[in-house]
Amino acid sequence: MEKIFYSHGKLLLTAEYFVLDGADALAVPCKFGQTLKVSTGKKEGIVWESYDIEGNTWFTSYFTPEFIKEEPNNKPTNTLQILQKILHFVYQKKSNFFDKKALVCKTFLEFPRNWGLGSSSTLINNIASWANIDAYELLEKSFGGSGYDIASAQNSTPILYNRYGLPRTQAVSLDWEFTDRIFFVHRNKKQDSKEGIARYRKQVKNIEKLSEINNLTQEFLSASTIERLGNLIEKHEAIVSNYLNLKPIKEELFPDYPYAIKSLGAWGGDFFMVIGSEEEQDYFKKKGYNTILPFTKMVL
């Protein structure tokens, strides 16, 4: 009998980096996610197949029971080692989970792998659901991070997320009547979030900044006009820029753009959020940024 697990992709709208130290973060699940299908195989162990959005196999391997039980590399450098580490943790939590089982596991992405919408977090959440273990703990033992992406994977509405103590998630409503003037643009490269986290960790923890971010997150939620949201975006970008000593994306790449632009998640790659009408999308297309999704086509 085939078992099917599904998780949503994610976007972090506020509190990038500061969420690591307990700031309230506004995150949204995406209309794109990843599916895990588990069925019975022909030989003991796991046949693993991963498919991209085009239906092409981008990874395949066979995991013997012995390989799953073997102590993994603490710093995995490829997909095989990463998956072994994930499956080994499942084995540690449930030593008989894979016993005498012949399995075929297939994963199916609904978005290109370089989009940064959570190919790793959706995988982690799906495997945790399959094994019935804590997804946050599995994330910590594998990729690390704040956990907001796991919270997004598990929810179908915008959320406020806080990782202080135990991860806490609150479903919220984004009562923005101006989503037709928001779109997301891909920067044409994927950012390694570990680099940004390392830069953030070099800074001295600032409680006042956490409070500022918390206030901004609440103001994002209650923004009643697109102009107000634009002002809040500029404030948020300035705080992160000053703290990390990095230029905001608008200053770095689009200084002549008339409206607000906000980095999402790790600065330097993946999607960024833009205020503007459909006409303004041409500005980015002329600069070679052709992957553009309106708010309503991206956010669940």
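Nearest heavy atoms, Ile159 versus Tyr148: CD1-O, 4.4 Å. Taking each heavy atom of Glu137 and Lys93 in turn, the nearest pair found is OE1-NZ, 3.3 Å. Heavy atoms only, all atoms of each residue included: His236 and Glu16 are closest at CE1-OE1, 3.2 Å. Residues Tyr259 and Ile275 come closest through the heavy atom pair CB-O, 3.2 Å. Minimum heavy-atom separation, Ala25 to Leu12: CB-CD1, 3.7 Å. Considering every non-hydrogen atom in both Ala27 and Ser152, the closest pair reads CB-OG, 3.6 Å.
At a threshold of 4.5 Å between non-hydrogen side-chain atoms, the residues Thr291 and Phe184 do not count as touching. Residues Phe18 and Val240 form a side-chain contact, since some pair of their non-hydrogen atoms from C-beta on lies under 4.5 Å apart. In this structure the side chain of Phe178 reaches within 4.5 angstrom of the side chain of Leu229, judged on heavy atoms. Between Gln281 and Val274, every side-chain heavy-atom pair lies at or beyond the 4.5 Å cut-off. Within the 4.5 Å cutoff, no side-chain heavy atoms of Glu110 are placed close to those of Ile53. Between Lys37 and Val104, every side-chain heavy-atom pair lies at or beyond the 4.5 Å cut-off. Ser142 places none of its side-chain heavy atoms less than 4.5 Å from the side chain of Phe89. Trp48 has its side chain within reach of Phe63: a pair of non-hydrogen atoms, C-beta onward, lies under 4.5 Å apart.
To the nearest 0.5 Å, the span separating CZ on Arg163 from CD1 on Ile150 amounts to 12.0 Å. For the atom pair CZ (Arg113) and CG (Asp52), the distance works out to 7.5 Å, reported to the nearest 0.5 Å. In this structure, CD1 on Ile213 lies 12.0 Å from CG on Leu26, to the nearest 0.5 angstrom. For the atom pair OG of Ser156 and CG of Leu300, the computed distance is 6.0 Å after rounding to the nearest 0.5 Å. Atoms OH and CG, from Tyr164 and Leu210 in turn, are 11.0 Å apart once rounded to the nearest 0.5 Å. Taking CG from Asn126 and OG1 from Thr35, the interatomic distance works out to 7.0 Å, rounded to the nearest 0.5 Å.
Around the CD atom of Glu177, the shell of radius 6.0 Å holds no more than 12 heavy atoms that belong to other residues, nucleotides or ligands. Enclosure of atom NZ in Lys31 by more than 12 non-hydrogen atoms of other residues, nucleotides or ligands within 6.0 angstrom is indicated. With a 6.0 Å radius and a threshold of 12 heavy atoms from other residues, nucleotides or ligands, Lys94 has its NZ atom above the threshold. Annotation: Lys101, atom NZ; neighbour count of heavy atoms from other residues, nucleotides and ligands within 6.0 Å is above 12.
One finds a salt bridge joining Glu219 and Arg228 here, because a Lys/Arg side-chain nitrogen approaches an Asp/Glu carboxylate oxygen to under 4.0 Å.
Aromatic ring pairs are classed by plane angle as parallel below 30°, tilted from 30° to 60° and perpendicular above 60°; the pair Phe295 and Trp176 is tilted.
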Thr296 and Thr179: CA distance, side-chain angles, deciding distance, side-chain hydrogen bond (donor to acceptor under 3.5 Å, both in side chains) verdict: CA-CA 7 Å; Thr296 54; Thr179 53; over 6 Å; no
Trace of the side-chain hydrogen bond (donor to acceptor under 3.5 Å, both in side chains) decision for Thr122 with Ser7: CA-CA 5 Å; Thr122 52; Ser7 294; over 6 Å; no
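Proximity of a side-chain donor or acceptor of Asp149 to a complementary backbone N or O of Ser121 within less than 3.5 Å is not detected. Under the 3.5 Å distance criterion, the side-chain polar atoms of Lys85 are matched with a main-chain donor or acceptor of Asn74. Checking side-chain atoms of Asn214 against main-chain N and O of Asp24 turns up a donor-acceptor pair under 3.5 Å. Of the possible donor and acceptor atoms, one in the side chain of Glu44 sits under 3.5 Å from a partner among the backbone N and O of Lys100. Between the side chain of His88 and the backbone N or O of Ile68, at least one donor-acceptor pair lies under 3.5 Å. Side-chain atoms of Glu237 come within 3.5 Å of backbone N or O of Ser263 as a donor-acceptor pair.
A side-chain N or O of Thr77 and one of Gln81 form a donor-acceptor pair less than 3.5 Å apart.
If you chain together hydrophobic residues whose side chains sit under 4.5 Å apart, Leu83 and Tyr51 never meet in one group. Under a hydrophobic-cluster definition in which Ile, Leu, Val, Met, Phe, Trp and Tyr are linked whenever side-chain heavy atoms come within less than 4.5 Å, directly or via other members, Phe143 and Val19 are assigned to the same cluster. No path of Ile, Leu, Val, Met, Phe, Trp and Tyr side chains, each step under 4.5 Å between heavy atoms, connects Val28 with Tyr6, placing them in separate hydrophobic clusters.
Checked against the 6.0 Å centroid threshold, Tyr257 and Phe284 count as a close aromatic pair.
Judged by the 6.0 Å distance and 45° axis criteria, Lys106 is not positioned over the aromatic ring of Phe108.
Tested against His186 for a ring-ring contact (aromatic ring centres under 6.0 Å, His included), the candidates Phe271, Phe272, Tyr289 yield a single pass: Phe271.
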